[in-house]
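Below is one structure, written out as structure tokens; comments come after it.
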Amino acid sequence: MISLSDLRRYKAEGRKFSCLTCYDSSMAKAMEIAEIDSILIGDSLGMTMQGHDSTIPVETDDIAYHTACVRRANQHAFIMADLPFMAYATEEEALKNAKKVMQAGAQMIKIEGDAWLADTVRSLTRNGVPVCMHLGLTPQSVNVLGGYKVQAKTREAADKLIRDCEVLVEAGTAIILLECVPAQLGKEVAERFPQVPVIGIGAGADTDGQVLVVQDMLGLTFGRVAKFVRNFMVEQSGSQAILNALQAYHQAVHEKEFPAAEHTFRVEL
Ligand code: KIV
């Protein structure tokens with residue numbers, strides 16, 4: 001099983017690592033076979049699994065449930081799990097909710113925010129919970145940010161983000177995740193912290209790891225898809241393979257082509 005030390009070593013060796021979101025056992029097994037390096041049980045499950053239009057309705061119990069589903073099926077990847085909206089508003093809440101998620105099988109928790117969370121990071125780390133800090137576009141604050149937009153677009157804002165990272169790393173942050181920031185800032189943060197792996201989503205090619213929401217990269221996100229998403233499914237199959245399979249099944253049932261003899265138990269009764 002990949003550990004935090006392995007991810008640090010990958011960074012030192014300049015070996016990039018892969019990360020995908022995952023919420024269920026069959027996908028977790030597929031990711032084990034594909035040797036995906038790390039998995040995030042993201043609060044994006046609010047959208048991908050629960051059908052909400054933001055991550056805000058997600059509860060810690062939802063994350064713990066999906067973390068346990070994933071861990072049972074995948075013994076390879078380094079597993080991170082989100083603490084959702086308001087689950088770390090105080091240090092006490094953060095400790096109580098991190099306990100649930102870590103006991104469900106996570107190796108690290110991820111929280112969104114900046115330097116104001118330094119004490120929370122210190123307290124979690126002291127209690128045996130490694131922390132990934134998510135900065136840049138932080139979807140739990142969508143109502144404060146006023147939408148899902150690229151962040152830190154000026155030198156001043158980029159410098160503030162770097163200063164926040166310095167405070168958070170000093171407090172014990174073990175991984176930084178940057179979402180939707182200029183590529184140059186992704187590179188600067190990755191270079192600034194040689195001991196801290198930096199994962200990017202829409203943060204350019206120079207971060208140490210990359211993460212995508214699995215539904216996005218499989219072409220299962222309908223409606224607006226972010227600029228940073230690449231649809232790997234369409235590249236592999238030349239088509240929306242999962243959608244095509246669903247349509248083919250529907251048609252085969254309608255046309256009585258399925259089930260065929262080879263799918264049928266023929267026993268004289
Ligand atoms: O919840 C999530 O899926 C995330 C990724 C977008 C990084 O936080």
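Indexing begins at 1, ligand by ligand and atom by atom, following the structure's order.
- Residues meeting the side chain to side chain contact (heavy atoms under 4.5 Å, CB included) test with Ala81, sequence neighbours left out: Ile41, Ile63, Thr67, Val101, Ala106.
- At least one N or O atom of Asp43, backbone or side chain, sits closer than 3.5 Å to an N or O atom of ligand 1.
- Looking only at distances, a side-chain donor or acceptor of Lys11 sits under 3.5 Å from a matching main-chain atom of Val196.
- Contact annotation for Leu45 and ligand 1: no heavy atom of the residue comes within less than 4.0 Å of the ligand.
- Using modelled atom types, one finds no donor on one side chain facing an acceptor on the other under 3.5 Å when comparing Gln247 with Gln251.
- Between atom 3 (O) of ligand 1 and the options Cys180, Ser44, Ala226, Gly42, the minimum heavy-atom separation is to Ser44.
- Between His66 and Tyr23, the ring planes lie perpendicular to each other; the angle is over 60°, past the 30° to 60° tilted range.
- Glu35 and His76 form no side-chain donor-acceptor contact under 3.5 Å, judged by distance and modelled atom types alone.
- Near Ile201, meaning under 4.0 Å from any of its heavy atoms, are these atoms of ligand 1: 6 (C).
- Counting atoms of ligand 1 from 1 in the listed order, those under 4.0 Å from a heavy atom of Lys110 are 4 (C), 8 (O).
- Of all the atoms in ligand 1, the ones that sit under 4.0 Å from a non-hydrogen atom of His134 are 8 (O).
- Short contacts between ligand 1 and Glu179, defined as distances under 4.0 Å to a heavy atom of the residue, involve ligand atoms 6 (C).
- Ion pairing of Arg72 with Asp24 is absent here, as no side-chain N (NZ or NE/NH1/NH2) approaches a carboxylate O to less than 4.0 Å.
- Atom 7 (C) of ligand 1 has Leu40 CD2, 3.8 Å as its closest protein atom, hydrogens excluded (heavy atom only).
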